[in-house]
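Comments concern the structure below.
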Amino acid sequence: MKFSMLLSIVPSIALSIVLLASLAGCSKPDSQAKLTDYQQRLTRVLELDELTVKVEPVPVLPRPSKLRQPLPDIRLDLRDAWASRECGLDQLIGERNSGLGRVFQPSMQLNYELRLLARLQQCQQQDISPELQQQVANWLAEKQQSVTVALNNMLLADDTLSQQWQGSKQQLIATESTGFVESSSALNNLLGLTELVNQQQWQQAAEVDIEQSLASLYQHDFPGKLQHSLRYSAAWFSQLNPQLLAIAPESLCPRGQNTGQLGILTTVFRKFFIGEVQAHLAELRRYQNDLWPLIAQLYRDTPLYPALQQRYQQPAEQLQQQLMLHVQWWQQLNKACPVGLTPG
């Protein structure tokens, strides 16, 4: 009985293994997979050396705790208690003095500061005594000076943002833009928040959902994956191109003769380079052209800006330069040999 039960289980296990293998085989290719497939086809037809891509390391970003600056607090004595009640500040002050308030994350601290500024601004517009008007004006001036520190703390020390700029262990999936729109929207929201802070629009700034923007970035990890894809692709081309450029196109068609090798190269060019690799690189360029200006504007006046240039702008420029060199080799082949890569 036990033996027969075992036999009935074995086919189920075998089926599970087959299904797992099928699912693994259907995994969608990322930037590295697309380039590797193309590289292997070039390597076979041109007898190139196997390539081990080494991505040039970039300096590690400072730890968020090293970048976070202390934020000045408003201190109220007992004589100010009636003023806080008059302006409706009791709840906000209690929130800040609570156990949770003492360990606010940078994003929550910024939101608190903005809500406090908005409440002080509203208080100024109420019919209050001249003495209280002066006290509120003093508090407002102090907080307006320190809110920039809170904003910088969020940009420089928030865990989710730090994770994005360190880069992801994964690369972007070809032909799949999941997370692009959400990440672009999140960065736009954060950029809009900085503009509201600069304009001292405290009511509107306090209504911006910072946590939702950070949640979108965390969920999709799109800027981190984009950084990895850009840096890997740039390194891949810079290490493959020297081998390809060392081959004189004329050597592939002695006396202008067409060969089977040229026929294979034509297929590799049209189907795998143009159809897959270049199509995916166009996606990366579109993502970079949309996201990098937002990141740059957010961080231009911060200590992280040079490091972010190294992670986004520089590899994107290097990738474009190396891609041009790569395409030029194919253009020379098309001119020297009867391959007909392009019409006419």
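Numbers here simply count residues along the sequence, with the first being 1.
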How far apart are the closest heavy atoms of [X] and [Y], and which atoms are they?
X	Y	answer
Asp290	Pro293	O-CD, 3.6 Å
Gln109	Leu71	NE2-CD2, 3.5 Å
Ala205	Leu193	O-CD1, 3.7 Å
Ala307	Leu61	CB-CD2, 3.4 Å
Thr52	Gln239	O-OE1, 3.2 Å

Going by atom types only, do [X] and [Y] share a side-chain donor-acceptor pair under 3.5 Å?
X	Y	answer
Gln314	Gln310	no
Glu50	Thr43	no
Thr175	His280	no
Arg231	Gln318	no
Asn289	Arg285	no
Gln203	Gln122	yes
Gln134	Asn138	yes
Gln328	Gln332	no

Tell me, do [X] and [Y] make a side-chain contact under 4.5 Å, heavy atoms counted?
X	Y	result
Pro64	Asp158	no
Leu226	Leu291	yes
Leu161	Leu156	no
Val339	Leu265	no

Residues Asp37, Arg41: salt bridge by 4.0 Å N-O rule: yes

Could you check whether Lys271 pairs with Glu276 (Lys NZ or Arg NE/NH1/NH2 to Asp/Glu carboxylate O, under 4.0 Å)? no

Is there any ring pair (Phe, Tyr, Trp, His ring centres under 6.0 Å) pair reaching into residues 190-210, and which pairs are they, with sequence neighbours excluded? none

Positive for ring pair (Phe, Tyr, Trp, His ring centres under 6.0 Å) with Tyr299, one of Tyr312, Tyr305, Trp165: Trp165

Out of curiosity, does Val58 fall in the hydrophobic cluster containing Trp292 (side-chain heavy atoms, cut-off under 4.5 Å, transitive links)? no

Is there a path of hydrophobic side-chain contacts, each under 4.5 Å between heavy atoms of I/L/V/M/F/W/Y residues, joining Leu284 to Ile173? no

A quick test of your reading: do over 12 heavy atoms of other residues, nucleotides or ligands sit less than 6.0 Å from CD of Glu56? no

Would you find more than 12 non-hydrogen atoms of other residues, nucleotides or ligands less than 6.0 Å from Glu47 atom CD? no

Listed partners of [X] passing salt bridge (Lys or Arg N to Asp or Glu O under 4.0 Å), at least two apart:
X	value
Glu283	none
Lys225	none
Glu195	none

Between Ser185 and Val181 (side chain of the first, backbone of the second, donor and acceptor by atom type, cut-off under 3.5 Å), is there such a pair? no

Output for pair (Leu155 CG, Thr194 OG1), nearest 0.5 Å, gives 7.5 Å

To the nearest 0.5 Å, what is the distance between CH2 (Trp330) and CZ (Phe273)? 8.0 Å

Can you pull the disulfide (SG to SG under 2.5 Å) pairs that have at least one residue in residues 229-295, sequence neighbours excluded? Cys253-Cys337

Please tabulate, one pair per line, all N/O donor-acceptor pairs under 3.5 Å involving side-chain atoms of residues 214-224, not counting sequence neighbours.
unit_1, atom_1, unit_2, atom_2, d
Ser216, OG, Gln212, O, 3.3
Asp221, OD1, Gln164, NE2, 3.1
Asp221, OD2, Ser168, OG, 2.9

